[in-house]
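Here is the structure we will look at.
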Amino acid sequence: MREVAIIGVGAHATGQFTEKALKDLAYTAIWNTLDDAGAEPSDINVAYVGNSLGGLLTGQEGVRGQVVLQHSGITGIPVINVENACASAATALRGAWLEVASGAADVALAVGVEKMFVGDSARTISALSAVSEVDLSEMGMQFTTSYAIHPKINLKGKMAEYGWTSADFAKPAVKNSFNGSLNPLAQHRRPLSIEQVVQSRIVVDPLTLFMCASISDGAAAAIVCPVEMAPRFTSKLPVRIASCVLRSGMYRLPDDGFTDSATVSAQAAYEEAGIGPDDLNAIELHDAMAPAELMLYERLGLCAPGEGPRLIDEGITTLSGRIPVNPSGGLCSRGHPVGATGLLQIAELVWQMRGEAGARQIEKRPKVTMAQNQGGLLLGQDSAVYGVTILKT
Amino acid sequence: MREVAIIGVGAHATGQFTEKALKDLAYTAIWNTLDDAGAEPSDINVAYVGNSLGGLLTGQEGVRGQVVLQHSGITGIPVINVENACASAATALRGAWLEVASGAADVALAVGVEKMFVGDSARTISALSAVSEVDLSEMGMQFTTSYAIHPKINLKGKMAEYGWTSADFAKPAVKNSFNGSLNPLAQHRRPLSIEQVVQSRIVVDPLTLFMCASISDGAAAAIVCPVEMAPRFTSKLPVRIASCVLRSGMYRLPDDGFTDSATVSAQAAYEEAGIGPDDLNAIELHDAMAPAELMLYERLGLCAPGEGPRLIDEGITTLSGRIPVNPSGGLCSRGHPVGATGLLQIAELVWQMRGEAGARQIEKRPKVTMAQNQGGLLLGQDSAVYGVTILKT
Amino acid sequence: MNILHPSSIFVPTDAKQTPCLLGARCDECATVVFPKMPVCPACQTNGSMREVQIGRTGKLFSHTIARFAPKGFVAPFFQVFVDLPEGPRIFALVGAECPVEAGVLEDGMDMRLVLEPLADTPENSDLLTYKYVPAGRPEQRTSGHA
Amino acid sequence: MNILHPSSIFVPTDAKQTPCLLGARCDECATVVFPKMPVCPACQTNGSMREVQIGRTGKLFSHTIARFAPKGFVAPFFQVFVDLPEGPRIFALVGAECPVEAGVLEDGMDMRLVLEPLADTPENSDLLTYKYVPAGRPEQRTSGHA
Ligand SMILES: [Zn+2]
Ligand SMILES: [Zn+2]
């Protein structure tokens, strides 16, 4: 397999863009990426397009990728439409990586795009539930519930087990809202206090509104090619994909003793990249509910069980810390347009690694970074999909 | 890249299966395939799952692959949900091929599944339209219309241009209904006469009901591995994937002189496989509307423009002919569960190549075969996606 | 009344029967799952799963009150996970007889199955499903089979 | 009345104006497309496309009568492709003033644009779109801007 580099990234801002269709959002991300890479549409050999809700929310099924690429002037090439809940864009990147790593293509485009504001938020919420197993969504189960009480994370249970408080749950939201306030592409740019987060409306006990990612439109893209081909396109620092891991969840039986799938997928990514958690200089992770960040700290190997809040208290994961987490603002502040999120994370990491992140630039440019995603709940008591990508300069 | 062999195929029958959900249909196809290959769930390293309408018709978005695989006992592995209109399953096979060819995986599973009977055929027809660009489907454009008058095929225009008659249009339907009558997995098993096809109700002038594929439930799957690994699993004849080509349509301007994309994609597949149309011993092609088969004969290089009906008249493409086309019965008789069709074609070809096709077995076992798919209409006046796979023993 | 997941619920047809869930038990390894599956998720055997009646009682594993409702539901409402004595840990809603207030449910408490409409909304009031209520609450007649 | 694809249609606001389509023309290679796109499909230039008024007339490229209607439409109805003098060949419906009968339309005939409701159905009767009718038919007042 060839070593693969990301030579261009780009994004559409996240937020509410009432007048814009899927293809308008994607166009901005795609052409920002082409321009960033110094590439033309004719350079692209193959494209992977991730989207999750376009069929239910916009009426466009089946060929969403071809529709958005045609609008951006890219036609005739192989287009693979991929869908993997909140990891759809991560799946698109993995596809592009495999095309180039294998030699099937020299230059591959990965796009993630989502249009969630369609004038009826009840419809959007229902569509979001449909990315979990329909047997569960039919019974009224929502993502928020699953974070609150689902056996695999059970944040409410962690309050008893770890002694975590509502203020602890608010800490990642507060940290990330500060990061997001520095990000011109972010949906929510207001820095929040612990009090504001704790006192916002309860959505599902113990989660409050400001702990939850909101509805969002957005798009992001990346172009990859063999490392040695990168200078043909751009003089910018090529960012290598050290590992790009995708896993589905296990069927969990109570007390089966299985390691959590977020841990399993992260360990696979570390192993493939030949690094460990201590080598990471920055992380973008899946804080669809902000307190999940605390759980992910331990599952990604950053701390021992229950020590999550300490990492924020001691400033370790803040923007100026040893290993900044969610410098973009994360899902709650930067925004979580479901099918775009994985590539929004990648774009942020590439900007940070190049030193192009503006006001939120990590002072010491990160050399090794991780993007982490998960999504979709199954009857088997696990998330459907886990994606972990490790980047290196 | 490693040479890849199909070591197992399997299918669920096509037709109306009111009591069965997506995961039930997929289960039958997956386990028939595992059993055919002599493989266990734990042998599968990665799975690609194609489906096109599950979100709109069953409410299951996002993680359809994980849902159906969990039900079949396959969890934990990378699962890539792919969607490409009528070529979704062909796209799944291409993904599985690339995983194995590249060495990323040793054993890969491709699944295609579709549930179209949901108790409301108007809803199904609308969902089908949604796999074309939404700007067109919103205006009432349907697949039937597109075959009748769309510039890229314009069957009505071919009556003037080539002198084709309604009876000519019926010929592929008649031939394929005979083949389908011999196929226990087929949805429609009644052999039709020219008169019956011509005199069935007009759907869209000049296309009649029996010229059109109908709504269908179904599923199919294939397992692939490196050719040299095949004997570890099965003593059956391994069927090599000689080429697996996927293309999207071009943006067509009137009189731009571009070669038709079906031709372009077939030529690419021939070239990659190092063969020409004369080397083919059997073909499964995309006759969503039966008369399209006549056009595809010329686009795949089997005959000169306008000569399609002659190939049937002379028995060249019948089951006993030199190059049988749609031995399974094709989309109109075997059935066209959209997201499963590409792998139903592959399964048929593998059975024919192994000599396992029962009453419809091609007498001289084919050694080189082709599966061809296309689907989804774009504003740019072309189908969104074209898939061509060439198999060799 | 229609049943939300008919193959997952046993609905009594006479007064001597009690409702329960229909799970599946593996002949090979005795794993019990809910809902039924054709392949054992523990030992991956195909065809080893037999239908079993389960879930008449359970213990509350976790619970929350959802303050926002998806389409077809009414907030606030309880959402819970219940550990069944036969093995599975399942997602469930809580019977209407149980007031939706903090302190009413406690993790670890004994629960008992009831059948009732999915939600008191136009979309779901005619759709029968299983729910759980604290076992200590006085038994009421559950909705019959329509 | 709402407009189906508002960015694709110019709807007159006074009696001196006539309706037309809004396409885009490439500054680099003069290609005209409909609907508008930000990138030229012929020369792949980004940002070279300018809005142009097109499609007041056209020539019928092909036509058929659909005998079955998707949701929101009424069969039988004409479906056609029209060659616009500015370049594009577009899918269109045919104005209600034109009787849906074989022989009424003929490929190659001159057509003229009208604006009218998408279909005479509850879903679509309040949704304005472009259609074509044979140019020879006497002109009628097209629906105004709501
Ligand atoms: Zn077992
Ligand atoms: Zn141009």
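Lettering of chains follows the sequences in order, A, B, ..., and the numbering in each one begins at 1. Keep in mind the model is a prediction, meaning the values are calculated, not measured.
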### Query
So, are Glu97(D) and Arg112(D) salt-bridged, with charged N and O less than 4.0 Å apart?
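Yes, Glu97(D) and Arg112(D) are salt-bridged.
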### Option in Pro35(D), Ala42(D), Pro88(D) with maximal non-hydrogen atom pairs under 4.5 Å from chain B
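Ranked by heavy-atom pairs under 4.5 Å with chain B, first place is Pro35(D).
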Are the side chains of [X] and [Y] in touch, meaning some heavy atoms are under 4.5 Å apart?
X: Ile9(D); Y: Leu4(D); answer: no
X: Thr18(D); Y: Arg56(D); answer: yes
X: Thr57(D); Y: Met111(D); answer: no
X: Val197(B); Y: Val174(B); answer: yes

Between [X] and chain B, which part of the residue has a heavy atom less than 4.5 Å away: side chain, backbone, both or neither?
X: Val80(D); value: backbone
X: Leu127(D); value: neither
X: Phe77(D); value: side chain
X: Phe68(D); value: both

### Task
Look at Gly140(B), Ala160(B), Pro206(B), Ala148(B) and state which one has the largest set of heavy-atom pairs under 4.5 Å with chain D.
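Of Gly140(B), Ala160(B), Pro206(B), Ala148(B), Gly140(B) has the most heavy-atom pairs under 4.5 Å with chain D.
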#### Entry: When Leu128(B), Val204(B), Ile149(B) are compared by non-hydrogen pairs under 4.5 Å with chain D, the top option
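Ranked by heavy-atom pairs under 4.5 Å with chain D, first place is Ile149(B).
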Determine which donor-acceptor pairs between chain D and chain B fall under 3.5 Å and list them with their distances.
| residue | atom | partner | partner atom | Å |
| --- | --- | --- | --- | --- |
| His5(D) | NE2 | Glu138(B) | OE1 | 2.6 |
| Ser62(D) | OG | Ile149(B) | O | 2.7 |
| His63(D) | O | Lys156(B) | NZ | 2.8 |
| His63(D) | NE2 | Lys156(B) | NZ | 3.4 |
| Thr64(D) | OG1 | Asp205(B) | N | 3.4 |
| Thr64(D) | OG1 | Asp205(B) | O | 2.4 |
| Ile65(D) | O | Asp205(B) | N | 3.2 |
| Arg67(D) | N | Val203(B) | O | 2.7 |
| Gln79(D) | OE1 | Thr145(B) | OG1 | 2.5 |
| Gln79(D) | NE2 | Gly140(B) | O | 2.8 |
| Arg89(D) | O | Gln381(B) | NE2 | 2.2 |

### Query
If you take all heavy atoms of Ile65(D) and Pro76(D), which pair is closest and at what distance?
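That would be CG2-CB, 3.6 Å.
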### Nearest heavy-atom neighbours spanning Val104(D) and Cys98(D)
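Here Val104(D) and Cys98(D) meet closest at CG1-SG, 3.3 Å.
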### Message
By the ring pair (Phe, Tyr, Trp, His ring centres under 6.0 Å) test, which pairs, at least two apart or in different chains, include something from residues 116-141 of chain B?
### Response
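Pairs touching residues 116-141 of chain B that pass the test: none.
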### Task
Drop me the distance from Phe258(B)'s CZ to Leu253(B)'s CG, to the nearest 0.5 angstrom.
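It comes to 7.0 Å.
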